[in-house]
Amino acid sequence: MTGESWREDALCRQTDPALYFPEAGGSPRDAKEVCEACDVRRECLAYALDTGQQHGVWGGVDQRELRRLQRARRHAQAA
Ligand code: SF4
């Protein structure tokens, strides 16, 4: 799968986009459950990491987890 063609198979296209960007204090759990069944989860997470996404649920990972992964990636690249 190249570029952003994975978006065509994104399961979240069939759901409410607001699920993926919960209000402060809101739970990302419903979005993460959809992601678990999504065929392009890996591509989605790679895209989020590659493009430095800071908000929302991507690839089954909420924004706190996403930022943690981004920090770990930066540390690995600096090493
Ligand atoms: S992994 Fe989740 S956020 Fe990413 S495309 Fe699939 S359903 Fe959407």
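As the structure lists them, so they are numbered: ligands from 1, and atoms in each ligand from 1.
Sparse packing is recorded around CZ of R42, with 12 or fewer heavy atoms of other residues, nucleotides or ligands lying under 6.0 Å away. Heavy-atom neighbours of Q54 CD from other residues, nucleotides or ligands within 6.0 Å: above the threshold of 12.
A salt bridge between R68 and E65 is absent, with no side-chain N of the basic residue lying under 4.0 Å from a carboxylate O of the acidic one.
The set of protein atoms (N, O or S) found at less than 2.8 Å from atom 2 (Fe) of ligand 1 reads C35 SG, by chain and number.
A distance-only check finds a donor-acceptor pair linking the side chain of Q63 to the backbone of G56 [under 3.5 Å]. At distances below 3.5 Å, at least one donor-acceptor pair connects side-chain atoms of Q70 with backbone N or O atoms of Q53.
Note on residues 56-79: pairs passing ring pair (Phe, Tyr, Trp, His ring centres under 6.0 Å), not counting sequence neighbours, are Y47-W58.
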